[in-house]
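See below for the structure under consideration.
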Amino acid sequence: MRIRLGYVAIALGISQGSPNKTTTVLNLTKIKDKKDQLSKLRRLAEENLATQLRVMRYNAAHHIQVFRITSQLIPLATHPVAFGWDYCEDFRSELLAIGDIVKRHELRVSAHPDHFTILNSPLEHVVEAALADLRYHVNLFEAMELGAEAKLVLHVGGLYKDKAQSIERFKVIFQQLPDTIRERIIIENDDKSYTAKDVLTLCQEIKTPMVLDVHHDHCCNEGIHLEDILPEIFATWGSQIPKIHFSSARESANKRAHADHIAVDEFLIFLNIAKKCNRDFDVMIEAKEKDLALFSLMEKLKEISGVKVINEAEIEY
DNA sequence: TCGTGTCAAGATCTT
DNA sequence: AAGATCTTGACACGA
């Protein structure tokens with residue numbers, strides 16, 4: 001089976017590899033003129049997009065096909081201070097250039113709206129904000145002219161003291177989403193509330209791909225062994241290549257935190273479980289050291305018998 | 001230049 | 001009911 005590896009948002013292997021520059025609302029509102037406020041946001045966005053393009057070229061050059069785009073490309077895009085700003089129009093050519101690289105090099109890009117984006121909240125304004133944030137992500141993908149294969153990873157959300165009802169609420173809102181958003185959503189198990197089994201069942205019901213996060217499964221599961229459900233998890237992807245998230249626990253009181261690097265022995269344990277599925281898949285490496293962690297994992301994998309290195313970010317096992 | 005408090009957003013635990 | 005904590009990377013300010 002072929003396994004491609006990728007990393008999240010920031011390239012540490014090149015200088016100025018963070019397409020994450022932003023400002024705070026407090027600082028922005030110190031600027032009197034609305035037009036000057038917007039200029040500042042524009043300047044930051046422009047810089048981020050230029051960085052993003054460099055990062056994409058770097059990824060392509062290193063055969064890294066799997067990549068997560070930061071949610072902070074356009075600073076404060078969905079905050080009221082930026083209301084009415086047509087960032088896609090302003091940066092049409094920059095966004096197209098990014099999309100062009102993605103398509104030319106067959107990169108697999110996704111985004112992961114962060115934990116404020118919650119569809120199953122009982123609070124209407126929270127769901128409204130989540131929809132606005134999803135819309136923002138879809139706007140960017142559409143401006144890049146990327147199809148529904150550019151996905152948005154979401155968690156189920158909060159428990160609100162009643163898991164069954166909270167899952168039910170997720171399903172209802174999910175079905176009401178416009179196609180343009182719904183077709184991009186994939187759902188990940190989290191480290192506290194919704195186990196891999198919970199998400200698998202949900203994903204089967206709503207016919208949506210599931211992203212297995214192996215580390216989250218270690219933090220939060222119901223005593224179910226991964227090998228028993230992995231084939232079903234992969235099956236939620238149909239003919240698409242499944243993707244999983246992989247990280248190692250930081251050696252601290254909080255086991256849920258991500259470590260700098262990936263422990264190769266843990267990775268091998270997963271490979272051996274996955275081998276029984278006999279299916280290609282992609283791995284998003286979630287480590288503090290980002291692309292550097294990916295490269296150092298690859299170096300270690302070279303030493304393992306049975307692992308054949310295809311290129312800097314792909315193996316056969 | 002370096003260190004530190006703060007940041008749009010929610011949920012949940014603690015007091 | 002209010003406040004702290006979670007978690008992340010980076011800004012912005014002050015030393």
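Every chain is numbered from 1 and lettered A, B, ... according to where its sequence line falls, protein lines coming before strand lines.
Listed by residue number, the members of residues 151-175 of chain A with any heavy atom below 4.0 angstrom from DNA chain C form an empty set. A heavy atom closer than 4.0 Å to some atom of DNA chain C occurs in K40(A), these being the qualifying members of residues 36-55 of chain A.
Across dC13(C), dA10(C), dC11(C), the shortest atom-to-atom separation from the side chain of N20(A) is found for dA10(C). Comparing dT8(C), dA11(B), dA10(C) by their closest approach to the side chain of I118(A) singles out dA11(B).
The two residues E312(A) and A61(A) come nearest to each other via the heavy atoms OE1-O, 4.0 Å.
Phosphate proximity of dT8(C) to K290(A): absent, as no side-chain N or O sits under 4.0 Å from OP1 or OP2. Considering only side-chain N and O atoms, K288(A) lies under 4.0 angstrom from the phosphate OP1 or OP2 of dG9(C). In terms of phosphate contacts, K192(A) brings no side-chain nitrogen or oxygen within less than 4.0 Å of OP1 or OP2 of dC6(C). A close approach under 4.0 Å does not occur between any side-chain nitrogen or oxygen of S193(A) and OP1 or OP2 of dA11(B).
A ring-centre distance under 6.0 Å is found for H62(A) and Y58(A).
Separation of the C1' atoms belonging to dT1(B) and dT8(C) is 23 Å when rounded to the nearest angstrom. Rounded to the nearest Å, the gap between the P atom of dA4(C) and that of dG5(B) is 14 Å. Nucleotides dA2(C) and dA8(B) are separated by 22 Å at their P atoms, to the nearest Å. Using atom P as the reference point in both dT7(C) and dC13(B), the two lie 13 Å apart (nearest Å).
Atoms CG (N120(A)) and P (dA11(B)) sit 8 Å apart, rounded to a whole Å. Straight-line distance from the CG atom of D190(A) to the P atom of dC6(C): 17 Å, rounded to whole Å. Rounded to whole angstrom, the span from the OH atom of Y7(A) across to the C1' atom of dT8(C) amounts to 17 Å. Between the P atom of dG9(C) and the CD1 atom of I10(A) lies a distance of 6 Å, rounded to the nearest Å. Nucleotide dA9(B) holds its P atom 17 Å from the NE2 atom of H137(A), rounded to whole Å. For the pair D191(A) CG and dT7(C) P, the computed distance is 7 Å after rounding to whole Å. The distance from atom OH of Y136(A) to atom P of dA9(B) is 17 Å, rounded to the nearest whole Å. One atom, CD1 of I31(A), and another, C1' of dC11(C), lie 13 Å apart when rounded to the nearest Å.
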Listing time: all N or O pairs from protein to nucleotides 13-15 of chain B that are below 3.5 Å?
none

Close N or O pairs between protein and nucleotides 5-8 of chain B (under 3.5 Å):
| unit_1 | atom_1 | unit_2 | atom_2 | d |
| --- | --- | --- | --- | --- |
| dA8(B) | OP1 | V25(A) | N | 2.2 |
| dA8(B) | O4' | H79(A) | NE2 | 3.4 |
| dA8(B) | N1 | T78(A) | OG1 | 2.8 |

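Taking the charged nitrogens against the carboxylate oxygens, K171(A) and E205(A) do have a contact shorter than 4.0 Å, which makes a salt bridge. With respect to E222(A) and K197(A), no salt bridge is recorded, no charged nitrogen being found less than 4.0 Å from a carboxylate O. We find that E286(A) and R68(A) are joined by a salt bridge, their nearest charged nitrogen and carboxylate oxygen being less than 4.0 Å apart. Under 4.0 Å is where a charged nitrogen must lie from a carboxylate oxygen, and between D36(A) and K32(A) no such pair does. The pair E46(A)-R43(A) does not count as a salt bridge, with every side-chain nitrogen at least 4.0 angstrom from each carboxylate oxygen. Between R92(A) and E145(A), none of the side-chain N atoms (NZ, or NE/NH1/NH2) sits under 4.0 Å from a carboxylate O, so this pair counts as no salt bridge. Salt-bridge check for E314(A) with R4(A): failed, with every basic side-chain N at 4.0 Å or more from each acidic carboxylate O.
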Q) With Watson-Crick and G-U wobble geometry limited to distances under 3.5 Å, how should the secondary structure of DNA chain B be encoded in dot-bracket form, using | for bases paired to another strand and [ ] for crossing pairs? A) |||||||..||||||

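Remark: E303(A) pairs with no residue by the side-chain hydrogen bond (donor to acceptor under 3.5 Å, both in side chains) rule, at least two apart or across chains.
Under the 6.0 Å distance and 45° angle rule, K308(A) does not count as a cation-pi partner of Y317(A).
Between F116(A) and dA9(B), a base-stacking contact is recorded: ring centres under 5.5 Å apart, planes less than 30° from parallel.
Atom-to-atom distance recorded for I285(A):CD1 and I262(A):CD1 is 4.5 Å, nearest 0.5 angstrom.
Inspection of the S110(A) and K243(A) side chains reveals an N or O donor paired with an N or O acceptor under 3.5 Å. In this structure, a donor-acceptor pair under 3.5 Å is present between the side chains of Q204(A) and E232(A).
Classification of the F91(A)-W85(A) ring pair by plane angle, with boundaries at 30° and 60°, yields perpendicular. The aromatic rings of H218(A) and H215(A) stand perpendicular to each other, their planes meeting at an angle above 60°, with 30° marking the opposite boundary. Below 30°, between 30° and 60°, or above 60°: for Y87(A) and Y136(A) the angle between ring planes is above 60°, a perpendicular geometry.
Y194(A) and L230(A) end up in the same hydrophobic cluster when Ile, Leu, Val, Met, Phe, Trp and Tyr side chains are linked at under 4.5 Å.
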